[in-house]
Amino acid sequence: MSFVETLDNLLLKKSPLVRRFEELITPKSDLDLESMAQASRALTLQYFGRTMRLFAPLYLSNECINNCQYCGFSRDNPILRVTLGVDEVAAEARHLARSGFRQILLVAGEHPKFVSRDYLSDCVRALTADFSSIAIEVGPMETKDYIPVVDAGAEGLVVYQETYNRGVYAELHTAGPKRDFNFRLDCPDRGYEAGFRHIGIGALLGLWRWQDEAVALAAHLEYLFKRCWQAQISVSLPRLRPAAGGFRPPFTVSDRELAHLVCALRITFPQVGIVLSTRENASLRDALVSLGVTMMSAGSHTEPGGYTRQGGEHLHRTVRGRIVAPDFQDGEDRLATGQFEISDERSPAEIANVLRRHGLEPVWKDWDQALSGV
């Protein structure tokens, strides 16, 4: 059974696990929330030890054929766009490798003309010698299109549903293939069938009431732990950040509510990986590292070429589907536009030092493919 059916019946039928999670995210007193935080810390230590996995996103392209009101890459935004060549991707990756990273997430807007399965496979193949863990976060694909990417060396697939509310989803996605809610919802299943050993999901907090998103997210996790039982499962909890287009989120999620959600997820799903990105400010990230988070990005850029300024010679804008030469404004930085603004701008070395001060060991390398044959 697809998760589509589970989600569509969630208001009428929740599993005992999801009901317990729903109770955990109801408003709590400071004393009750502190009790949850202590339980969350203990479970994180029990299941993950004193470690924190570090990764970096590498943006391949900001081309997109979708209109998503909240996204800086939305096709109607008159931004500077570029798709990096494989050599340029490799140059960006070498910079990240020199910073210590061995876990990398390849990210791109949804445009199959620019970011095809063959292009992704070539990018992955170019990076396998330097990175033990390569994941992708791109437009949803069919299982047959994921297989060559897995064969090239990718081991992780990340896909956010954005919002689990069908009505809100339809309002926010006004054009493009991303309008297909069900196709996106079933994407983790197709990725698992293709052979990805790590599956990451998430909801973009701020598009709908966070408690409702969280309940749907918990139900999705429960489904994936049963359906994709041979894969590692992780969850991301990104809050909306300012981006091109000026979208303002209709709902807010406070720092306290985000911490509450992290604790509830850890208590309900002790084995789930919880990811925290540089969308969040430094002080909050420092507070959450010992609470339940197990994986963090560091030193991130959300624009293609952001680490080494690759791709500058083929920058362009897209107007009504046509590629046009850029008309630079005075003082405009000649770099592709990022997906959203970063909040925590500390370097990877600074993040590693913070983790050590919290008694955690930064883990740059997840596993070694040489061990998989043992």
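Nothing fancy with the numbering, it's 1 onward along the sequence.
Taking the salt bridge (charged side-chain N to carboxylate O under 4.0 Å, His left out) definition, one finds that R279 meets it with nothing, sequence neighbours left out. Applying the salt bridge (charged side-chain N to carboxylate O under 4.0 Å, His left out) test to E350 and every residue at least two apart in sequence or in another chain returns nothing.
Using a distance-only test at 3.5 Å, with no hydrogens or angles considered, a donor-acceptor pair links the side chain of Q69 to the main chain of E171. Side-chain atoms of D145 never come within 3.5 Å of backbone atoms of R117 as a donor-acceptor pair (strictly under, hydrogens ignored). For H358 (side chain) and V354 (main-chain N/O), a donor-acceptor pair under 3.5 Å exists by modelled atom type. Although no hydrogens or angles enter the test, the distance criterion places a donor-acceptor pair under 3.5 Å between the side chain of S40 and the main chain of L291. Between the N62 side chain and the T337 main chain, a donor and an acceptor come within less than 3.5 Å of each other.
Using a cut-off of 4.0 Å between Lys/Arg side-chain N and Asp/Glu carboxylate O, D130 and R98 are scored as not salt-bridged. Classification of E303 and R81 as a salt-bridged pair fails, no side-chain N sitting under 4.0 Å from a carboxylate O.
Seen from the ring of F183, R190 counts as a face-on cation partner, given the 6.0 Å and 45° thresholds.
The residue from R75, E110, K178, H173 that alone fulfils the side chain to side chain donor-acceptor pair (under 3.5 Å) condition with N66 is E110.
For the 3.5 Å distance criterion, the side chains of R102 and S132 fail to qualify, holding no donor opposite an acceptor. There is a side-chain donor-acceptor pair under 3.5 Å between E92 and T308. In summary, the side chains of S343 and N281 do not present any donor paired with an acceptor at a separation below 3.5 Å, with no hydrogens or angles considered. Judged purely by distance below 3.5 Å, without hydrogens or angles, the side chains of H314 and E88 pair a donor atom with an acceptor atom. Between the side chains of E222 and S15, at least one donor-acceptor pair of N or O atoms lies under 3.5 Å. Looking at Y146 and D151, their side chains never bring a donor and an acceptor atom within 3.5 Å of each other. In the model, R317 has no side-chain atom that pairs as donor or acceptor with a side-chain atom of N77 under 3.5 Å. Defined by atom type and a distance below 3.5 Å, a donor-acceptor pair is missing between the side-chain atoms of S116 and D118. Donor-acceptor pairing under 3.5 Å is recorded for the side chains of Q103 and R53. At a cut-off of 3.5 Å, with distance as the only test, no side-chain donor of E361 or T51 sits close to an acceptor on the other residue.
Applying the salt bridge (charged side-chain N to carboxylate O under 4.0 Å, His left out) rule to pairs touching residues 34-45 yields E34-R41, sequence neighbours excluded.
Note on F269: it clusters hydrophobically with V235, by side-chain heavy-atom contacts below 4.5 Å among ILVMFWY residues. V159 is not connected to F225 by any chain of hydrophobic side-chain contacts under 4.5 Å among Ile, Leu, Val, Met, Phe, Trp and Tyr, and they are in different clusters.
Heavy atoms from other residues, nucleotides or ligands lying under 6.0 Å from CZ of R356 number more than 12. By the 6.0 Å contact criterion, CD on E5 is open, its count of non-hydrogen atoms from other residues, nucleotides or ligands being 12 or less.
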*Please test Q339 against H301 for side-chain hydrogen bond (donor to acceptor under 3.5 Å, both in side chains), starting from the C-alpha separation and ending with a verdict.*
CA-CA 9 Å; Q339 188 176 25; H301 283 269; over 6 Å; no
*Kindly determine whether H111 and S61 satisfy side-chain hydrogen bond (donor to acceptor under 3.5 Å, both in side chains), including the steps that lead there.*
CA-CA 9 Å; H111 202 312; S61 171; over 6 Å; no
